[in-house]
**Q** 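I have a structure I would like to understand better, so I am pasting it below and will then ask my questions one at a time.
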Amino acid sequence: MNRQLAAITGIEAYVPEYRLTNIELEKLVDTNDEWIISRTGIKERRIQKEPGKAVSDMAAIVVKKLLQKTNTSPDEIELLICCTVTGDMVFPDTGNIICDKVGIKNAFAFDINAACSGFLFGLTTGSKFIEAGTHKKVIVIGADKMSSIIDYTDRATCIIFGDGCGAVLLEPSTNGYGIVDSVLRGDGSGREYLHMKAGGSLKPASLETVMNKEHFVYQEGKAVFKSAVNGMVDTVSKVMERNHLTKNDIDWLVPHQANIRIINSVADGLDFDKSKVMINIEKYGNTTAGTLPLCLAEWEPKLKKGDKIILTTFGGGFTWGATYLTWAY
Ligand code: COA
């Protein structure tokens, strides 16, 4: 008997209005437009500036649009997964806050913290509830307000990250297309290179941690770069091999948008034609869990039913992986 697949039946995305350009960053740190573009491919990022607004506010905008677009009532949603490292609060989960803000009352919700791999881990998790036959409508959100944990005096990190959010509706596939397979990985020893030092149970917030700027992203860029390329090439290769796919079978590669040089190295490592690679890093920078749904939403008008798509990510943890899906509409 064929397995019941989960399919993406709708997608929406949102980025805040404010554009933080390279020229503006030149005024904050010792950097320049040419260096940022040549080393990262980023021209600008969006920043959620309004006081009192958080990840749940971006997500609420997206979820409301998604429900409307897919003709779904909030009451029909049974599970909502919010993938983020910048949730509104340490607890409760931001997923619960989003449900409250959009009127979802018959669901359970939780967050997934897998940094830049969050959306991929969430997509796989959400799809399993559909495959098991217990849930029929699941929302998976990838959202981050990276500006809330970035030190705008640290030129090694402030040039990279931005804020953004995207979400998909998952339903049982009715045409055989959907989320087919994932190869997901983690290696906690990578935490040394990418983390936030304080604010957790290891080092609770104190005057000292604030003074030492320990509530911001700490990153050793070179180590992350190498692991990211190797991790994405390896998991994409594995998922292709497992599903008997060659590069010519794939219509779209959707890589995490961390750095244009990482994206190019992954495409070269897989010998993929660049015209099949979704890239929008120049507009948004690295929005962590937001990058994959932001790409899919932008390319949605070009996608055709049956298109073979591979999503791949790498992020803090380390966490990484690749998912193979066929577009269902
Ligand atoms: N502007 C100008 N110069 C900068 C700079 C900036 N914003 N940031 C670093 N530099 C300088 C460094 O001080 C160094 O100078 P030196 O040679 O005099 O010492 C030089 O540029 C090279 O720095 P380096 O850190 O080796 O640059 P890089 O080519 O590795 O690029 C990153 C830095 C952060 C852009 C890159 O390592 C990267 O993108 N890593 C992956 C990050 C990532 O994807 N993180 C998200 C996880 S998914």
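Computed from heavy atoms alone, side chains included, the values below leave out hydrogens, waters and symmetry copies. Whatever order the structure lists ligands and atoms in, that order sets their numbers, starting from 1.
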**Q** Please verify whether a non-hydrogen atom of Ile160 lies at under 4.0 Å from ligand 1.
**A** yes
**Q** What protein heavy atom sits nearest atom 13 (O) of ligand 1, and how far away is it?
**A** Arg155 NH2, 2.8 Å
**Q** Checking side chain to side chain contact (heavy atoms under 4.5 Å, CB included) between Ile179 and each of Thr124, Thr323, Val168, which is the one that passes?
**A** Thr323
**Q** With heavy-atom distances below 4.0 Å as the criterion, list the atoms of ligand 1 near Thr40.
**A** 35 (C)
**Q** Counting non-hydrogen protein atoms only, what is the nearest one to atom 30 (O) of ligand 1? Give residue, atom name and distance.
**A** Lys222 NZ, 3.3 Å
**Q** Which residue, Asn96, Leu79, Val63, Ile98, forms the side chain to side chain contact (heavy atoms under 4.5 Å, CB included) with Ile104?
**A** Val63
**Q** Decide whether an N or O pair under 3.5 Å exists between Asn259 and ligand 1.
**A** yes
**Q** Where is the nearest protein heavy atom to atom 29 (O) of ligand 1: which residue, which atom, and how far?
**A** Arg39 NH2, 2.8 Å
**Q** Does the protein place a non-hydrogen atom closer than 4.0 angstrom to atom 37 (O) of ligand 1?
**A** yes
**Q** List the closest protein heavy-atom neighbour of atom 48 (S) of ligand 1: residue, atom name, distance to the nearest 0.1 Å.
**A** Phe314 O, 3.1 Å
**Q** Which atoms from ligand 1 have a heavy atom of Leu194 less than 4.0 Å away?
**A** 47 (C)
**Q** Taking 4.0 angstrom as the limit and counting only heavy atoms of Cys116, give me the atoms of ligand 1 inside it, by number and element.
**A** 48 (S)
**Q** Between Asp249 and Thr246, do the side chains contain an N or O donor and an N or O acceptor separated by less than 3.5 Å?
**A** yes
**Q** Which residue holds the protein heavy atom closest to atom 1 (N) of ligand 1, what is that atom called, and what is the gap in Å?
**A** Thr31 OG1, 2.6 Å
**Q** Among Gly221, Gly285, Ser117, Ala115, which residue places a heavy atom closest to atom 40 (N) of ligand 1?
**A** Gly221
**Q** Using the side chain to side chain donor-acceptor pair (under 3.5 Å) rule, pick out the option among Lys197, Glu192, Arg191 that qualifies with His195.
**A** Lys197
**Q** Quiz question: by atom type and distance under 3.5 Å, do the side chains of Asn280 and Glu298 form a donor-acceptor pair?
**A** yes
**Q** Quick one: do the Lys145 and Thr86 side chains pair a donor with an acceptor below 3.5 Å?
**A** no
**Q** What is the nearest protein non-hydrogen atom to atom 33 (C) of ligand 1, stated with its residue, atom name and distance?
**A** Trp35 CH2, 4.0 Å
**Q** Between Pro255 and Gln257, is any pair of side-chain heavy atoms under 4.5 Å apart?
**A** yes
**Q** Students should be able to answer this: which protein heavy-atom is nearest to atom 44 (O) of ligand 1, and at what distance?
**A** Ala258 CB, 3.2 Å
**Q** For the pair Lys276 and Asp251, evaluate salt bridge (charged side-chain N to carboxylate O under 4.0 Å, His left out) and give the outcome as yes or no after the intermediate values.
**A** CA-CA 6 Å; Lys276 292 180 172 186; Asp251 296 290; over 6 Å; no
**Q** Just by distance, with hydrogens left out, do Tyr329 and Glu300 show a side-chain donor and acceptor under 3.5 Å apart?
**A** yes
**Q** Check whether NZ of the Lys or CZ of the Arg Lys247 lies under 6.0 Å from the centre of the six-membered ring of Phe272 and within 45 degrees of that ring's axis.
**A** no
**Q** What atoms of ligand 1 come closer than 4.0 angstrom to any heavy atom of Ile262?
**A** 41 (C), 44 (O)
**Q** Report yes if the side chains of Met278 and Leu296 come closer than 4.5 Å at any heavy-atom pair, otherwise no.
**A** yes
**Q** Does ligand 1 have an atom that lies less than 4.0 angstrom from a heavy atom of Ala228?
**A** no
**Q** Is any side-chain heavy atom of Thr125 closer than 4.5 Å to a side-chain heavy atom of Ser127?
**A** no
**Q** Can you find a protein heavy atom closer to atom 17 (O) of ligand 1 than 4.0 Å?
**A** no
**Q** Between ligand 1 and Gln219, is the shortest N or O to N or O distance under 3.5 Å?
**A** yes
**Q** Regarding ligand 1, does His256 bring an N or O atom to under 3.5 Å of one of the ligand's N or O atoms?
**A** no
**Q** Does any N/O atom on Ile36 come nearer than 3.5 Å to any N/O atom on ligand 1?
**A** no
**Q** I'd like the name of whichever of Ile159, Asp33, Val224 reaches closest to atom 47 (C) of ligand 1 through any heavy atom.
**A** Val224
**Q** Who's the nearest protein heavy-atom neighbour of atom 31 (O) of ligand 1, and how far?
**A** Arg261 NH2, 3.5 Å
**Q** Please verify the inter-ring angle class for Phe129 with His135; under 30° counts as parallel, over 60° as perpendicular, anything in between as tilted.
**A** perpendicular
**Q** Would atom 3 (N) of ligand 1 count as contacted, meaning some protein heavy atom under 4.0 Å?
**A** yes
**Q** I need the contact type for Thr157 against ligand 1. Using non-hydrogen atoms and a strict under-4.0 Å cut-off, is it side chain, backbone, both or neither?
**A** neither
**Q** Does a donor on one side chain and an acceptor on the other come within less than 3.5 Å for Ser237 and Asp234?
**A** no
